[in-house]
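Below: one structure, written as structure tokens.
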There are 2 protein chains.
Amino acid sequence: MTTPVNTARGSGRQLDHPTPAEIRLEGVLHALSDPMRLRIVRELAEADAELPCSSFDLPVTKSTLTHHFRVLRESGVVQQTYRGTAKLNGLRREELAVLYPGVLDSVLAAAGDRTTDSAAGSATDRS
Amino acid sequence: MTTPVNTARGSGRQLDHPTPAEIRLEGVLHALSDPMRLRIVRELAEADAELPCSSFDLPVTKSTLTHHFRVLRESGVVQQTYRGTAKLNGLRREELAVLYPGVLDSVLAAAGDRTTDSAAGSATDRS
DNA sequence: ATGCTCGTACGATACCCATCGTAGTACGGG
DNA sequence: CCCGTACTACGATGGGTATCGTACGAGCAT
């Protein structure tokens with residue numbers, strides 16, 4: 001009411017992400033320690049692209065999903081950008097690889113993901 | 001009172017640890033996502049030996065320390081054995097390395113581990 | 001035995017957090 | 001212009017958990 005300027009005026013909606021220096025290891029581990037979030041991260045890693053929230057089919061409501069994405073963003077695991085009505089989510093793999101080498105990769109590998117990244121070329125796995 | 005058989009009768013005190021198959025990645029990550037516990041794990045890694053609870057100098061009470069050790073044990077990160085009045089804590093590095101290769105190592109490295117003498121020993125490292 | 005140290009159990013407390021529902025904003029299309 | 005889709009914000013709720021204090025059990029030393 002009367003103050004529609006809630007989020008940020010105009011179309012330049014911006015979300016604040018932590019800078020690499022602000023990304024804490026405990027925060028990353030905590031973010032990854034939730035089954036839902038780990039699943040999200042796995043899907044993002046497999047897709048190796050930016051996915052809108054709506055492309056995730058998880059057994060939770062949208063509110064909860066928003067919450068999880070926020071945790072992932074605030075912990076520095078993903079970056080989010082608005083695009084039209086959608087919000088694209090992308091893993092911050094390289095930044096994390098520089099900060100905490102091997103952590104994300106090994107967790108993804110342990111979680112059943114094949115680090116897709118890699119070789120990308122010959123992968124063909126796909127479960 | 002009147003039932004002193006509280007903990008376990010006799011001296012055969014035993015603690016139940018999860019088998020490798022029972023160790024869940026989320027549990028490990030969650031255990032490591034707490035600053036106190038991460039610190040404990042780092043110290044254990046640096047010492048590369050079994051340490052009694054009392055050898056940790058953390059800004060929490062003994063009760064809390066006991067709690068953290070229990071979380072670490074139940075998540076499968078450490079193993080505990082009684083020895084006299086002390087309880088020795090050891091990292092389950094190899095088991096974790098088999099289950100989730102690289103996870104513990106990279107987290108320790110990211111946490112600033114360095115194994116003290118680190119320098120990386122030139123080649124011998126890697127566990 | 002007595003006492004000391006090490007660790008545990010239990011209860012209490014306060015905080016964090018995953019989840020939901022509802023209401024609302026932002027954007028694009030008929 | 002109105003509506004539908006995508007996501008958010010807010011409040012509520014229940015469960016988890018980090019913390020403490022106190023009381024206790026187990027083993028060792030004197």
Side-chain angles (χ1 to χ4, degrees), chain A residues 1-16 24 26-27 29-41 50-75 78-89, chain B residues 1-16 24 26-27 29-40 50-75 78-90:
Chain A
M1 49 102 98
T2 73
T3 13
V5 195
N6 199 348
T7 47
R9 132 234 287 90
S11 50
R13 259 126 100 235
Q14 287 228 337
L15 298 159
D16 69 317
R24 311 227 1 82
E26 301 92 331
L29 294 176
H30 178 243
L32 297 176
S33 72
D34 182 277
M36 288 298 161
R37 290 194 290 261
L38 188 51
R39 197 160 148 184
I40 291 173
V41 170
E50 302 203 314
L51 300 175
C53 301
S54 52
S55 71
F56 292 85
D57 187 31
L58 298 169
V60 293
T61 62
K62 281 199 294 181
S63 328
T64 304
L65 203 51
T66 296
H67 161 71
H68 285 311
F69 275 113
R70 165 151 40 178
V71 173
L72 287 171
R73 170 170 49 85
E74 292 182 344
S75 67
V78 307
Q79 61 193 345
Q80 302 183 299
T81 50
Y82 279 108
R83 180 182 170 182
T85 91
K87 189 164 72 168
L88 298 182
N89 304 275
Chain B
M1 37 156 67
T2 74
T3 10
V5 195
N6 199 350
T7 47
R9 127 250 275 66
S11 51
R13 263 124 99 234
Q14 286 232 339
L15 297 161
D16 68 316
R24 298 182 330 139
E26 302 91 331
L29 294 176
H30 178 245
L32 296 176
S33 73
D34 181 277
M36 288 298 160
R37 291 193 289 261
L38 188 52
R39 199 162 146 184
I40 291 173
E50 303 204 315
L51 300 176
C53 302
S54 53
S55 71
F56 293 86
D57 186 33
L58 297 170
V60 292
T61 63
K62 282 196 300 180
S63 328
T64 305
L65 203 52
T66 296
H67 161 70
H68 284 310
F69 275 112
R70 165 153 36 183
V71 173
L72 286 171
R73 171 169 50 84
E74 291 182 344
S75 66
V78 307
Q79 61 194 344
Q80 303 183 296
T81 49
Y82 280 107
R83 181 186 170 178
T85 98
K87 191 164 70 168
L88 297 182
N89 303 275

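By convention in this document, chain letters (A, B, ...) are assigned in the order of the sequence lines, proteins followed by strands, and residues within each chain are numbered from 1. Note that the coordinates shown come from a computational prediction; the quantities given were computed from them, not determined experimentally.
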Check the distance between [N]'s [atom2] and [X]'s [atom1] and give it to me in whole angstrom.
{"X": "Ile40(B)", "N": "dG7(C)", "atom1": "CD1", "atom2": "P", "answer": "12 Å"}
{"X": "Phe69(B)", "N": "dA18(D)", "atom1": "CZ", "atom2": "C1'", "answer": "15 Å"}
{"X": "Glu26(A)", "N": "dC16(C)", "atom1": "CD", "atom2": "P", "answer": "16 Å"}
{"X": "Leu65(A)", "N": "dC20(C)", "atom1": "CG", "atom2": "P", "answer": "10 Å"}
{"X": "Leu38(A)", "N": "dA18(C)", "atom1": "CG", "atom2": "C1'", "answer": "16 Å"}
{"X": "Arg70(B)", "N": "dT17(D)", "atom1": "CZ", "atom2": "P", "answer": "12 Å"}
{"X": "His67(B)", "N": "dC15(C)", "atom1": "NE2", "atom2": "P", "answer": "17 Å"}
{"X": "Lys62(A)", "N": "dA6(D)", "atom1": "NZ", "atom2": "P", "answer": "7 Å"}

Inset, instruction - Consider the side chain of His68(B), meaning its heavy atoms from C-beta on, and name the nucleotide among dT19(D), dT19(C), dC20(C) that approaches it most closely. - result: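 Nearest nucleotide to the side chain: dT19(D).
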Legend entry - Minimum-distance nucleotide to Ser63(B) side chain [options: dC20(D), dA9(D), dG7(C)]: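 Shortest atom-to-atom distance from the side chain points to dC20(D).
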Legend entry - NZ/NE/NH1/NH2 to OD/OE distance under 4.0 Å, Arg39(B) and Asp34(B):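 Asp34(B) and Arg39(B): not salt-bridged.
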Legend entry - Glu26(A): partners by side-chain hydrogen bond (donor to acceptor under 3.5 Å, both in side chains), with sequence neighbours left out: Arg24(A)
Inset, instruction - For DNA chain C, find the residues of residues 51-61 of chain A with a heavy-atom distance under 4.0 Å and give them by number; none if there aren't any. - result: Val60(A), Thr61(A)
Inset, instruction - Determine, step by step, whether Gln79(A) and Glu50(A) satisfy the side-chain contact (heavy atoms from CB on, under 4.5 Å) criterion, reporting the C-alpha distance in whole Å, the side-chain angles of both residues, the deciding distance to 0.1 Å, and the verdict. - result: CA-CA 9 Å; Gln79(A) 61 193 345; Glu50(A) 302 203 314; 3.8 Å; yes
Inset, instruction - Keeping the roles fixed (side chain from Asn89(B), backbone from Leu51(B)), state whether a donor-acceptor pair exists under 3.5 Å. - result: yes
Inset, instruction - For Thr61(B) and Thr64(B), test the side chains for any donor-to-acceptor distance below 3.5 angstrom and give the result as yes or no. - result: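 Thr61(B) vs Thr64(B): donor-acceptor pair found between side chains.
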Inset, instruction - Can you label the angle between the Phe69(A) ring and the Phe56(A) ring as parallel, tilted or perpendicular, going by 30° and 60°? - result: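 Aromatic pair Phe69(A)/Phe56(A) classed perpendicular.
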Legend entry - First encountered from the 5' end of DNA chain C, between Arg37(A) and Arg83(A): Arg37(A)
Inset, instruction - Could you pick out which residue, Gly84(A) or Val71(A), lies toward the 5' side of DNA chain C when each is mapped onto its nearest nucleotide? - result: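 So the residue in question is Val71(A).
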Inset, instruction - Give a yes or no on whether a donor-acceptor pair under 3.5 Å exists between the nucleobase atoms of dG7(C), that is its base, and the side chain of Thr85(B). - result: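 Result: no qualifying N/O pair found.
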Legend entry - Partners meeting salt bridge (Lys or Arg N to Asp or Glu O under 4.0 Å) with Arg37(B) (sequence neighbours left out):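 So Arg37(B) forms no salt bridge (Lys or Arg N to Asp or Glu O under 4.0 Å) with any residue.
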Legend entry - Contact under 4.0 Å: Thr64(B) side-chain N or O vs dC20(D) OP1/OP2: yes
